[in-house]
Protein chains: 2
Amino acid sequence: MPETGSRGATASAPMSRRERKKAATRQAIADAALRLFLERGFDNVGIREIADAADVSTTTLFKHFPVKEALVFDREADLEAGLLAAVRERPPGQSIPAALREHALRHRRADADSDPRFASFLELVNSTPALRDYHQAMWLRHTAALAEAIAEESGLPADDPACTALAHFALEAPRVARAHDDAREALIRAFDLLDHGWRALTSRT
Amino acid sequence: MPETGSRGATASAPMSRRERKKAATRQAIADAALRLFLERGFDNVGIREIADAADVSTTTLFKHFPVKEALVFDREADLEAGLLAAVRERPPGQSIPAALREHALRHRRADADSDPRFASFLELVNSTPALRDYHQAMWLRHTAALAEAIAEESGLPADDPACTALAHFALEAPRVARAHDDAREALIRAFDLLDHGWRALTSRT
DNA sequence: GCGAAAAGTGCAACAGCTTCACTTTTGAAG
DNA sequence: CTTCAAAAGTGAAGCTGTTGCACTTTTCGC
């Protein structure tokens with residue numbers, strides 16, 4: 001599988017040869033892994049095999065990726081920026097939960113549209129329990145950052161548990177929605193719950 | 001380590017010898033495991049060692065417990081009943097989220113009080129990431145049942161996503177709270193969010 | 001008592017992951 | 001250009017959870 005295109009990790013700061021080589025190795029590993037996974041399924045490809053395909057030792061592989069699941073979510077780090085931006089740069093008058101809802105919906109739409117390779121990627125993730133779980137766990141790691149952004153935007157104290165709660169619930173919402181036939185509708189409804197609750201909490205201060 | 005006492009799994013339906021022996025083996029394994037874990041930590045005890053201590057083969061061990069983590073949560077199955085009861089038999093006039101909040105608070109209090117053995121058990125779980133995660137995942141498996149109870153009690157259609165959302169969020173609330181210094185306060189605040197949201201959703205039909 | 005199903009056994013193997021001692025590459029300072 | 005230390009990569013060996021397999025023992029219903 002050739003490079004997925006131009007949208008590599010946040011711009012290309014001039015990298016030294018060392019950094020370039022390191023990045024290349026990492027890419028080679030991730031590419032080989034994804035290709036094999038798509039061909040034969042996550043559970044039917046061994047670590048050693050991936051290492052072979054990428055022509056590195058398993059030791060090297062694990063220096064780049066802490067666990068097997070991480071091979072799949074190579075450049076998933078910069079999603080946090082979009083998340084925070086959705087809150088911080090929301091249109092005036094829009095509530096924070098509403099902004100998060102819109103962001104989630106936008107995300108869904110983007111997924112549906114984009115190229116077929118990405119579609120099969122999604123199918124791989126959603127059909128492999130280990131990957132679903134790992135992805136959700138990764139996603140939840142943005143809770144603290146999101147909570148902070150929410151606190152700032154709402155004027156609440158930075159450690160107000162309500163901010164953490166809203167952040168956490170909002171990040172869990174897609175997972176809730178996925179369990180329903182009409183995921184889009186479910187997502188909206190889940191965020192409605194949060195929106196009304198949030199309004200009530202913040203209005204009576 | 002002798003038997004942990006009288007509160008065995010829900011009553012003693014007359015069991016055949018086979019069932020009794022099976023249960024005994026299971027107990028022996030779980031007891032040995034818990035003892036070793038408490039002594040030396042979850043990660044410092046191997047499966048083979050537990051099997052030895054319980055005087056069974058590792059094959060047998062895995063016929064009783066699907067994964068290592070399950071050894072710790074032996075009789076954790078009947079918590080669902082209490083959860084559903086909290087919703088179904090809540091005092092008149094109390095909202096569903098409020099009932100869930102009270103149940104959660106009651107649970108906290110019970111934990112704090114009970115005998116020191118249980119306290120160290122809790123410490124074991126909370127200090128071992130693998131166990132924390134496994135426990136949360138187990139806990140979330142009650143989402144569907146709870147959502148159903150909520151739907152019935154609120155008169156909403158059984159498949160209304162709002163019910164699933166409330167159930168899921170309520171089950172996640174303790175996890176959110178655990179991240180704060182004053183967990184009790186945080187728990188209340190998280191449920192406040194849900195309570196206000198739920199009221200708004202259900203009041204306008 | 002008999003036969004089938006269930007429970008248990010022992011062992012070998014696999015796969016993910018780690019450790020260790022080691023070589024190669026690279027960046028920069030002298 | 002040399003030198004040197006840090007970083008990247010190697011290879012093999014090993015630990016640990018988990019599974020498969022062929023097998024014996026126990027228990028139950030008849």
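Small disclaimer: the values here were computed from a predicted structure and weren't measured.
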Pull out every protein N or O sitting under 3.5 Å from an N or O of nucleotides 28-30 of chain C, one pair per line with the distance.
none

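The CG atom of A/L71 lies 5.5 Å from the CD1 atom of A/I47; values are rounded to the nearest 0.5 Å.
Between B/T60 and the phosphate of C/dT9, there is a side-chain N or O to OP1/OP2 separation shorter than 4.0 Å. Here A/H64 reaches the OP1 or OP2 of D/dG9: one of its side-chain N or O atoms lies under 4.0 Å away.
With rounding to whole Å, B/F37 atom CZ is found 13 Å from D/dT16 atom P. Here the C1' atom of nucleotide D/dT10 and the CG atom of A/D52 are 13 Å apart, to the nearest Å. If you measure from atom CD1 of B/I47 to atom P of C/dG10, you get 17 Å, rounded to the nearest angstrom. The separation between B/I50 atom CD1 and D/dG17 atom C1' is 11 Å, rounded to whole Å. If you take CG of A/N44 and P of C/dA15, they are 10 Å apart, rounded to a whole angstrom. What separates CG of A/L71 from C1' of C/dC17 is a distance of 12 Å, to the nearest Å. In this structure, A/R40 places its CZ atom 11 Å from P of C/dA15, rounding to the nearest Å. Rounded to an integer number of Å, the gap from CD1 of A/I29 to C1' of D/dG9 is 10 Å.
For A/R26, the side chain to side chain donor-acceptor pair (under 3.5 Å) criterion is met by A/D74, not counting sequence neighbours. For B/F37, the ring pair (Phe, Tyr, Trp, His ring centres under 6.0 Å) test picks out B/F42, with sequence neighbours left out. Partners of B/H135 according to the ring pair (Phe, Tyr, Trp, His ring centres under 6.0 Å) rule, which considers only residues two or more places apart in sequence or in another chain, are B/F73. Considering only residues two or more places apart in sequence or on other chains, A/E123 meets the side chain to side chain donor-acceptor pair (under 3.5 Å) condition with none of them. For A/E102, there are no side chain to side chain donor-acceptor pair (under 3.5 Å) partners at least two apart in sequence or on another chain. A/Q94 is linked by a side chain to side chain donor-acceptor pair (under 3.5 Å) to nothing, counting only residues two or more places apart in sequence or in another chain.
On a pure distance criterion of 3.5 Å, a polar donor-acceptor pair joins the side chain of B/R48 and the base of D/dT18.
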Tell me which donor-acceptor pairs under 3.5 Å the side chains of residues 180-188 of chain B have, and how far apart each pair is, sequence neighbours excluded?
residue : atom : partner : partner atom : Å
B/H180  : NE2  : A/T164  : OG1          : 2.8
B/D182  : OD1  : B/R184  : N            : 3.3
B/D182  : OD1  : B/E185  : N            : 3.2

Counting primed atoms plus P, OP1 and OP2 as sugar-phosphate and everything else as base, spell out the protein contacts along nucleotides 19-30 of chain D at 4.0 Å heavy-atom distance: B, S or - for each nucleotide, 5' to 3'. BBB-----BS--

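In the helix from C/dG1-D/dC30 to C/dG30-D/dC1, the rotation axis of the first five pairs and that of the last five pairs differ in direction by 10°, rounded to 10 degrees.
When side chains are defined from C-beta on, A/F169 counts as touching B/L194, because their heavy atoms get closer than 4.5 Å. Between B/E80 and B/R141, every side-chain heavy-atom pair lies at or beyond the 4.5 Å cut-off.
Nearest nucleotide to the side chain of B/K68, out of C/dG8, D/dT18, D/dT10: D/dT18.
The side chain to side chain donor-acceptor pair (under 3.5 Å) pairs that include a residue from residues 43-56 of chain B are B/R40-B/E49, where partners are two or more places apart or lie in different chains. Annotation: salt bridge (charged side-chain N to carboxylate O under 4.0 Å, His left out) contacts involving residues 147-169 of chain B, sequence neighbours excluded, comprise A/R189-B/D160, B/R88-B/E152, B/R90-B/E153.
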